[in-house]
Amino acid sequence: MAKLLTNRDDNYAQWYNDLVTKADLAENSVVRGCMVIKPYGYAIWEKMQAQLDKMFKATGHVNAYFPIFIPKSFLSKEAKHVEGFAKECAVVTHYRLKKDEKSDGVVIDPEAKLEEELIVRPTSETIIWNSYKNWIQSYRDLPILINQWANVVRWEMRTRLFLRTSEFLWQEGHTAHASREEAIQETEKMIDIYSDFAENYMALPVIKGYKSENERFAGAINTYSIEALMQDGKSLQAGTSHFLGQNFAKAFDVQFTDKNGKLDYVWATSWGVSTRMIGALIMAHSDNNGLILPPKLAPVQVVIIPISKNTQQASEISEVAVKIKDDLISKGISVRYDDRENNTPGWKFTNYEFKGVPVRLAIGPRDLQNKTVEIARRDTLAKETIPVQDVTTHVIKLLDDIQANIYNKALNFRNDNTWYINSWEEFTDIIENRGGFIMAHWDGTVETEEKIKQETKATISCIPIDSKEEEGKCIYSGKPSKRRVLFARSY
RNA sequence: CGGGGUGUAGCGCAGCCCGGUUAGCGCAUCUGGUUUGGGACCAGAGGGUCGCAGGUUCGAAUCCUGCCACCCCGACCA
């Protein structure tokens with residue numbers, strides 16, 4: 001049998017790459033650093049979008065759309081913000097091409113130079129706050145709770161499909177509030193939504209926390225994140241929520257009159273998740289047989305494969321299969337009945353396994369005779385034969401089981417790979433030889449964080465929200481520390 | 001931008017060191033037939049600017065020079 005996939009334990013990076021391309025999720029584009037998201041991969045994104053959008057709307061948010069181009073001058077209005085993004089911005093300088101006289105191609109028309117260059121958005125705080133300035137006068141105009149689904153561009157040196165590309169898809173929420181407390185509450189509400197989504201839909205256990213000063217979003221007072229552990233022991237930031245304080249309100253002069261008639265700057269938040277989550281989904285659950293997708297995000301939840309010796313049988317099987325399919329669809333389950341004749345059942349088994357379809361039903365002559373169906377689950381590869389009349393109830397239950405099992409498996413993996421350690425020797429040993437999450441004391445200084453990063457490539461993924469206070473000594477400097485923080489090598 | 005590597009059919013590769021008929025193999029594709037309970041088999045067919053440009057030579061995928069592209073490792077980052 002031809003090898004489809006690089007072994008996960010031999011070369012994790014190559015395994016991931018093989019999965020993404022061979023499962024038809026995405027491919028590299030001719031444009032360096034950009035990817036083509038193929039229909040199967042995009043379908044996962046659409047499922048994520050649909051669920052998140054529902055959750056945003058349920059908490060009072062509305063969608064809007066702001067331009068992809070940002071005047072260059074906007075970016076420099078918030079000092080930290082420029083510093084964070086200036087190095088990776090694509091810039092539009094002209095608005096017209098013309099035919100080249102010498103060759104057959106086109107050249108930039110030098111006559112068509114823009115008065116002010118436009119930046120392709122790396123994120124939209126500036127262009128949005130420029131609008132909010134006009135929308136907000138009084139506390140009655142607040143809060144503004146807007147989200148946008150968009151693409152952004154950050155010119156990356158090295159890219160990897162889904163995990164880091166120069167252009168990516170995401171949603172960015174941008175909210176404006178009358179008080180500091182309300183804005184902080186919003187920031188926390190959104191990180192809770194992300195965490196809820198990750199755990200209950202992606203089946204991905206996450207650690208909620210906030211970023212150290214070093215890792216914080218450019219322009220934020222505080223950045224919250226959810227951090228997930230991948231199967232190679234590296235952590236991945238799956239979502240962020242920022243409390244922006246009054247930084248952008250001040251930069252764009254957005255003031256409002258409060259209930260007492262006093263003028264004050266508006267409080268802001270922003271939060272986002274991106275197509276990167278698809279990378280997290282893949283790396284957290286999949287195995288050497290291919291993708292493993294949680295039922296709640298799988299584009300196809302059930303595949304039905306007929307096995308027939310002749311056309312007579314084929315039509316009898318088809319009758320049973322279509323009935324099952326229709327019944328499942330009526331219960332809101334997405335089903336594919338694959339009766340193509342150009343591939344054998346064996347080929348289809350392997351193929352759908354590779355693509356991570358959670359449940360497979362097979363119907364052959366034996367089943368026809370016994371009024372049964374073979375049902376197989378992708379997560380454990382277990383098979384059983386059940387009576388036809390039980391299929392729908394069985395599938396519904398099985399999809400829930402699989403969702404829960406994938407989550408528990410990921411949770412157990414994380415628990416088995418989370419280390420509470422107290423010495424530098426242990427720290428370096430685990431980083432070098434084991435990987436995983438390390439909970440350790442840190443003295444709270446940027447210098448120590450930098451030193452640790454330089455010596456081990458480990459960074460502070462986050463300072464977990466629920467980590468309890470305890471006396472300890474910084475593993476690096478030995479200085480006193482009040483709580484453990486989460487260290488890991490990360491994506 | 002530093003260090004390493006690779007460009008030959010849609011994909012994966014051999015051939016290059018040591019120049020010599022019509023450039024080959026596996027997968028995929030197409031046609032016909034037999035098959036179908038874990039990647040089926042037989043027969044036939046189509047598909048190539050050998051990364052680009054120049055040079056050496058009677059003759060270049062192969063040797064020489066220059067260029068380009070992509071990949072991996074580092075610096076940057078979600």
Side-chain angles (χ1 to χ4, degrees), chain A residues 1-6 11 13-14 17-18 21-22 24 27-33 83-89 122-123 152-172 194 211 214-218 220 223 225-228 235-242 270-280 289-290 305-311 313-314 317 338-355 360-370 372-376 381 383 385 453-454 457 459 461-462 490-491:
Chain A
M1 185 166 75
K3 199 180 72 171
L4 286 170
L5 194 57
T6 302
N11 187 342
Q14 191 56 47
N17 235 334
D18 282 2
T21 54
K22 291 184 181 172
D24 283 328
E27 63 188 24
N28 277 305
S29 155
V30 289
V31 183
R32 188 190 154 80
E83 218 178 285
F85 287 109
K87 285 165 286 182
E88 49 189 44
C89 284
T123 178
V152 286
V153 169
R154 296 178 191 175
W155 213 262
E156 298 290 349
M157 304 278 189
R158 281 188 58 210
T159 58
R160 291 192 65 191
L161 292 166
F162 289 119
L163 300 174
R164 177 166 299 108
T165 46
S166 290
E167 181 195 16
F168 58 92
L169 305 183
W170 77 346
Q171 59 67 218
E172 46 180 326
Y194 289 155
K211 291 288 186 183
N214 223 14
E215 301 281 327
R216 200 176 288 157
F217 173 73
T223 289
S225 71
I226 49 171
E227 305 284 334
S235 82
L236 185 144
Q237 176 181 308
T240 53
S241 182
H242 314 291
S270 68
W271 27 273
V273 294
S274 73
T275 38
R276 186 181 220 212
M277 286 193 305
I278 297 174
N289 294 314
I305 297 170
I307 302 156
S308 57
K309 308 271 187 207
N310 52 54
T311 51
Q313 252 171 21
I317 288 167
D338 188 351
D339 61 350
R340 290 176 302 173
E341 281 169 12
N342 47 342
N343 294 112
T344 61
W347 185 91
K348 291 174 188 171
F349 288 180
T350 316
N351 186 248
Y352 288 105
E353 225 159 74
F354 195 85
K355 291 200 152 192
R360 180 187 73 230
L361 302 176
I363 307 169
R366 276 208 307 269
D367 298 300
L368 219 48
Q369 195 164 26
N370 304 331
T372 56
V373 173
E374 183 188 81
I375 184 165
L381 300 175
K383 285 192 283 200
T385 301
K453 183 179 176 179
Q454 276 167 23
K457 288 180 192 152
T459 55
S461 291
C462 74
S490 70
Y491 278 99

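Residue numbering restarts at 1 for every chain, and letters A, B, ... go by the order of the sequence lines.
- B:G54 and B:C64 make up a base pair, with Watson-Crick or G-U wobble contacts both under 3.5 Å.
- Separating the P atom of B:C1 from that of B:U56 is a span of 32 Å, rounded to the nearest Å.
- Look at CD on A:Q313: it is 11 Å from C1' on B:G37, rounded to the nearest Å.
- The side chain of A:T344 places an N or O atom within less than 4.0 Å of a non-bridging phosphate oxygen (OP1 or OP2) of B:A40.
- B:U34 atom C1' lies 16 Å from atom CG of A:N342, rounded to whole Å.
- Residue A:N343 contributes atom CG, which lies 14 Å from atom C1' of B:G38 at whole-angstrom precision.
- In this structure, B:G37 makes no Watson-Crick or G-U wobble pair, since no nucleotide meets both defining distances under 3.5 angstrom.
- Side-chain atoms of A:N343 do not come within 3.5 Å of backbone N or O of A:K348 as any donor-acceptor pair.
- At whole-Å resolution of the value, NZ in A:K87 and P in B:C76 are 8 Å apart.
- Going from the C1' atom of B:C30 to that of B:C77 covers 47 Å, rounded to whole Å.
- Contacts of A:E341 with the nucleic acid, taken as non-hydrogen atoms under 4.0 Å apart, are absent.
- When both pairing distances are held under 3.5 Å, B:C70 makes a Watson-Crick or G-U pair with B:G5.
- In this structure, A:R360 forms a cation-pi arrangement with A:F349, its terminal cationic atom sitting closer than 6.0 Å to the ring centre and no more than 45° off the ring axis.
- You'll find that the side chain of A:T350 is closest to B:G38, out of B:G37, B:G38, B:G74.
- Under the 4.5 Å side-chain criterion, counting only non-hydrogen atoms from C-beta, A:L163 is in contact with A:L236.
- Position along RNA chain B of the nearest nucleotide to A:E167 versus A:M157 favours A:M157 as the more 5'-ward residue.
- Under the Watson-Crick and G-U wobble criteria, each requiring two contacts below 3.5 Å, nucleotide B:C17 is left unpaired.
- The pair A:R366-A:E374 fails the salt-bridge criterion, with no side-chain N (NZ, NE, NH1 or NH2) lying under 4.0 Å from an Asp/Glu carboxylate O.
- A:K383 contributes a side-chain N or O that forms a donor-acceptor pair with the base of B:G38 under 3.5 Å.
- Residue A:F168 is classed as a base contact, given a heavy-atom separation below 4.0 Å to a base.
- A:K383 places no side-chain N or O within donor-acceptor distance of the main-chain N or O of A:I375, the cut-off being under 3.5 Å.
- For B:G48, there is no paired nucleotide, since no Watson-Crick or G-U wobble pair has both relevant distances below 3.5 Å.
- As rounded to whole Å, 7 Å separates atom P of B:C77 from atom CD of A:E88.
- Atom CD in A:E27 sits about 15 Å away from atom P in B:G10, given to the nearest Å.
- If you check the side chains of A:S235 and A:S461, you find a donor sitting under 3.5 Å from an acceptor.
- If you check every strand for non-hydrogen atoms under 4.0 Å, A:D367 touches a base.
- Closest to the side chain of A:R276, out of B:G38, B:A78, B:C77, is B:A78.
- As judged by a 4.0 angstrom heavy-atom cut-off over every strand, A:L163 is placed among the base-contacting residues.
- Between A:T165 and A:I307, the residue anchored closer to the 5' end of RNA chain B is A:I307, taking for each the nucleotide with the nearest heavy atom.
- Using a 4.0 Å heavy-atom cutoff across all strands shown, A:P365 reaches at least one base atom of the nucleic acid.
- With hydrogens and angles ignored, the 3.5 Å screen pairs a side-chain donor or acceptor of A:R276 with a backbone N or O of A:Q237.
- One can place CZ of A:R32 at 14 Å from P of B:C68, the figure rounded to the nearest angstrom.
- Separating the P atom of B:A53 from that of B:C68 is a span of 15 Å, rounded to the nearest Å.
- Between B:A60 and B:G20, the two C1' atoms lie 10 Å apart (nearest whole Å).
- Looking at A:Q313, its side chain does come within 3.5 Å of a backbone N or O of A:K309 through a donor-acceptor pair.
- In this structure, the nucleotide among B:G38, B:C77, B:U36 sitting nearest to the side chain of A:P345 is B:U36.
- Within the 4.0 angstrom heavy-atom criterion, base atoms lie near A:E156.
- Rounded to whole Å, the separation between the P atoms of B:G3 and B:C67 comes to 15 Å.
- If you take CD of A:E215 and P of B:C76, they are 11 Å apart, rounded to a whole angstrom.
- One C1' atom belongs to B:G38, the other to B:A75, and the distance between them is 48 Å to the nearest Å.
- Taking the C1' atom of each, B:C18 and B:G12 are spaced 27 Å apart, rounded to whole Å.
- Using a 4.0 Å cut-off, no side-chain N or O of A:R160 falls inside it from OP1 or OP2 of B:A78.
- Figure legend. B:G12 is base-paired to B:C25; pairs are counted as Watson-Crick or G-U wobble with both atom distances under 3.5 Å.
- The P atoms of B:C11 and B:G7 are separated by 14 Å, rounded to the nearest whole Å.
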